[in-house]
Amino acid sequence: MKWNSGRLWLKIAVYTLLSVALLFAAVLTLFFTRFDADSARHNLEQSLADTGRKLTISGSISPMLFPSPGLKIGKLHITEQDGNTRFADIDTAEARLAWLPLMFGRLEITHIALKDTQLTVLRQTDGKLNFSDLLRARPSSKFLFNLDSIAITGTRLEYQDRVNGQVLHLAEASLQADSLRSSAEMQFGGRLQSGKRLVNLSLSAPFTRNDDQIDIPQFEATASSSSDELGEIRATATGKLQLNLATLLAQAQDLKVSVDTSRPKSHSEALIPAITASLSELSTPSATLSGTVSYERTQYHFSSHLSALQLNQGGVFAETTQSDFSWAVGKHSLNMALKAPLKLTQFTQLSMAPLTLSARLKTPVLPRGQLQAALSGELEGDLPESRLKLRVAGELDGAKLASTITQHGFLAPRHEVTLSVGKLDLNRYLPEQKAEQAVALFHNAKPFQLAWMDFVNVQGKVTIGELAVGNFRVNGINADVKSTPESLQLENLTANIYEGHLTGSAALFREATPRLSVKQQLTGMQIRPLMLDLFDFNRVEGAGNGWVQIEARGESLRALRNTLSGSVAVRLERGALTGIDLVAALRDLPGESQRWSGPVNAAPDQKTTFSALSAKFELNDGIARNQDMQLASSFVNVNGSGKFDLTQSIVDYTLDVKGNPTAFARLAGISIPLKITGPINQPVYSLDFNAMVKGKKTEAEKQEALKSELGKQITTILPGSK
């Protein structure tokens with residue numbers, strides 16, 4: 001025989017193939033002829049008997065030939081361990097067998113396919129899952145599982161969590177895994193529903209299996225959804241994963257989870273270097289969270305480092321949380337740093353205590369500085385209710401501060417605030433002025449920056465121990481505050497002001513042209529220090545009452561000053577006009593009249609006392625006009641009228657001075673008109689010659705009238721004088 005003959009090798013090959021084919025046909029024939037559907041049904045239904053579960057098959061069981069021998073089973077039903085409650089319903093199940101073991105009579109399952117499965121997964125109050133018993137090593141049976149592939153389609157799963165009451169539904173779920181005994185590839189997809197929220201899920205992960213150990217060198221999972229509040233939402237997770245099927249422990253490395261939304265536009269991510277997880281607990285030594293949110297013209301940024309983080313059936317807990325938060329609208333910015341332990345009980349109730357917080361506010365509204373605060377307290381929250389409550393106390397730029405802030409909602413939050421500040425010195429933040437008076441601020445023509453109001457919805461109460469603006473001081477301020485994008489309002493405003501008391505309201509309305517409205521009533525105030533600190537005007541003394549009802553429109557402090565309109569009324573008692581002694585002027589006539597024929601500066605050491613003074617001013621476009629000023633004393637009576645031009649800071653006022661006939665018998669019928677003109681804070685006095693010659697037409701008549709008035713002699717001024 002020639003071994004190198006081509007015909008010989010051809011014959012050997014043909015005979016070998018025929019032998020294999022005959023053996024294959026014999027095995028198939030043996031498999032089909034010896035197949036017993038009733039026996040297979042019995043063996044399958046008894047496979048879970050040791051767990052207390054019942055497996056029943058109400059459909060048919062039939063053998064399959066291609067692409068490998070196997071069984072096709074219809075209508076499988078599996079109960080919970082109580083033997084009655086439904087756990088899973090499977091419409092169709094297919095199991096493929098390995099060829100070689102089958103030749104020796106062993107049933108080794110290498111492939112499983114499940115179609116249209118309904119499954120209920122339950123987490124008990126003790127944290128255990130209702131399928132954990134199925135993951136234990138199974139006793140030996142006629143069926144040996146050595147899977148090489150799994151295909152699951154059309155799955156519907158309901159997840160019930162009796163720890164937090166959450167219910168989830170997974171629909172249209174599919175799982176495909178091939179080459180399980182070597183380098184495998186797994187694909188998963190489905191639609192998860194929580195309440196009205198629908199989330200599309202997908203997972204891709206290559207993995208290798210070594211006995212009970214599954215190694216996933218790199219997985220990628222995504223979840224996408226949409227909502228009216230956030231628009232399109234997309235979450236991704238990547239990392240390395242190791243899973244031990246025997247102990248049901250998982251370890252992940254380089255885990256990264258990111259979330260993106262389209263409305264508002266945001267991106268956030270979590271970085272976890274290492275994590276250990278079981279069915280009851282997840283823990284990691286450290287984790288880092290960061291993110292940005294852009295909402296209209298607002299930008300938020302946060303970063304947080306958590307240490308000793310644990311997640312279990314009780315919630316989420318971290319030994320320490322260090323967070324930085326920044327908020328910016330144009331040139332306005334708020335930066336905060338927070339440190340506290342973290343408790344998120346039952347994944348719903350937030351607690352961070354004790355908490356330390358430092359904050360810094362920078363804004364063009366405070367061009368000379370920035371607000372800085374160092375606080376401590378606690379933060380609590382109810383996440384399902386979208387509610388946070390912060391209680392803090394500490395210092396604001398060295399002043400004592402205490403506050404409680406409750407936030408409702410996260411995207412467009414509403415705040416309820418109580419704020420108590422020991423002292424607030426606005427001079428540290430407002431534009432620097434050459435003068436120290438508050439009125440100097442109203443020379444500022446810089447437009448208001450009101451864009452920050454777009455994102456504020458605050459209601460609450462404010463208490464300020466002392467408020468300083470220039471030399472102006474107010475103590476014991478209390479007010480109800482309401483701020484919305486449309487307005488900033490102070491209602492029920494009360495304060496102690498210059499030994500008196502103030503009540504009223506103030507509001508800034510953000511209309512096409514901003515509008516300021518002030519309504520105030522003052523009782524028992526000292527007028528001189530008030531006018532001195534406000535206007536550097538110290539020519540009036542006395543205690544009394546005042547009423548203010550004014551409005552102004554404008555886009556700057558100067559514009560508000562130039563459009564002031566409304567009414568201001570005042571009544572003083574037991575006071576004085578300083579800088580002029582009208583009693584002395586009457587006593588020394590006519591010599592005094594000669595001195596007053598020209599402008600005379602106010603003399604600080606002179607004053608005219610009075611028992612009562614009243615006046616009402618009507619304001620229009622920054623000019624205050626008065627026609628009814630009355631001053632009464634035991635020696636003189638004075639009527640006044642004129643205007644104070646706040647836009648130019650000048651006064652043009654006339655006083656009609658008459659001696660009291662009981663004090664100045666010889667002055668009966670004599671009226672001395674005085675003009676007060678010049679800068680408000682440095683006026684000059686002079687005789688009003690125009691008033692003295694009123695009604696005279698010719699120059700000769702005017703001269704004669706002046707001569708007559710100035711030539712009158714007074715020999716007796718005071719009672720008893722000569």
Side-chain angles (χ1 to χ4, degrees), residues 434-435 437 439-440 442-443 527-528 530-532 534-542 558 561-562 564 568 570 572 575-586 588-610 613-631 633 636-659 670-696 702-703 705-706 709-710:
K434 294 181 180 179
Q437 287 67 43
V439 73
F442 289 90
H443 294 288
I527 191 65
R528 185 178 187 276
L530 173 65
M531 299 300 290
L532 181 64
L534 278 177
F535 304 108
D536 194 25
F537 182 78
N538 61 354
R539 303 308 181 201
V540 182
E541 296 179 359
R558 179 186 292 180
R561 179 200 65 186
N562 293 345
L564 274 175
V568 176
V570 63
L572 303 177
L577 294 178
T578 63
I580 183 173
D581 188 346
L582 295 177
V583 174
L586 291 176
D588 296 337
L589 286 175
E592 187 72 5
S593 298
Q594 294 287 355
R595 185 174 75 86
W596 285 68
S597 61
V600 177
N601 291 323
D605 59 340
Q606 295 185 2
K607 65 173 58 178
T608 301
T609 61
F610 58 80
L613 183 151
S614 63
K616 182 177 181 181
F617 294 86
E618 297 294 335
L619 286 90
N620 186 33
D621 292 336
I623 300 176
R625 291 180 170 85
N626 164 254
Q627 300 295 329
D628 64 351
M629 193 277 281
Q630 293 182 345
L631 180 151
S633 75
V636 295
N637 293 313
V638 181
N639 292 325
S641 63
K643 67 178 181 179
F644 290 80
D645 190 339
L646 301 180
T647 66
Q648 304 295 325
S649 295
I650 58 175
V651 59
D652 183 5
Y653 205 77
T654 299
L655 296 178
D656 187 17
V657 183
K658 293 183 179 180
I670 296 179
S671 176
I672 307 299
L674 295 179
K675 288 287 289 185
I676 304 175
T677 58
I680 289 178
N681 61 339
Q682 292 181 337
V684 295
Y685 301 85
S686 63
L687 285 172
D688 188 358
F689 290 103
N690 289 330
M692 298 173 74
V693 299
K694 185 177 181 180
K696 309 303 179 182
K702 293 180 181 180
Q703 292 294 331
L706 288 174
E709 290 291 338
L710 295 176

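Along the sequence shown, the residues carry numbers beginning at 1. Predicted model, so just to flag it, every value in this text is computed and none were measured.
Rounded to the nearest 0.5 Å, atoms CZ (Phe644) and CZ (Arg625) are 12.5 Å apart. Summarising the geometry, atom CG belonging to Asn562 is positioned 8.5 Å from atom CG belonging to Asp645; distances are rounded to the nearest 0.5 Å.
Leu572 places a side-chain heavy atom less than 4.5 Å from the side chain of Phe610. Contact check for Leu655 versus Asn639: no side-chain heavy atoms found under the 4.5 Å cut-off. Under the 4.5 Å side-chain criterion, counting only non-hydrogen atoms from C-beta, Ile676 is not in contact with Thr654. Side-chain contact between Lys643 and Val651 is absent, with no heavy-atom pair separated by less than 4.5 Å.
Taking each heavy atom of Glu541 and Ile527 in turn, the nearest pair found is C-CG2, 3.5 Å.
Checking Asp628 against Asn626 by side-chain atom types alone, a donor-acceptor pair falls below 3.5 Å.
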Side chains of residues 613-623: which donor-acceptor partners sit under 3.5 Å, not counting sequence neighbours?
residue, atom, partner, partner atom, Å
Glu618, OE1, Ser567, OG, 3.0
Glu618, OE2, Ser567, OG, 3.3

Evaluate the side chain to side chain contact (heavy atoms under 4.5 Å, CB included) criterion for residues Leu564 and Leu646: first the C-alpha distance (whole Å), next the side-chain angles of each, then the deciding distance (0.1 Å), finally the verdict. CA-CA 9 Å; Leu564 274 175; Leu646 301 180; 4.0 Å; yes
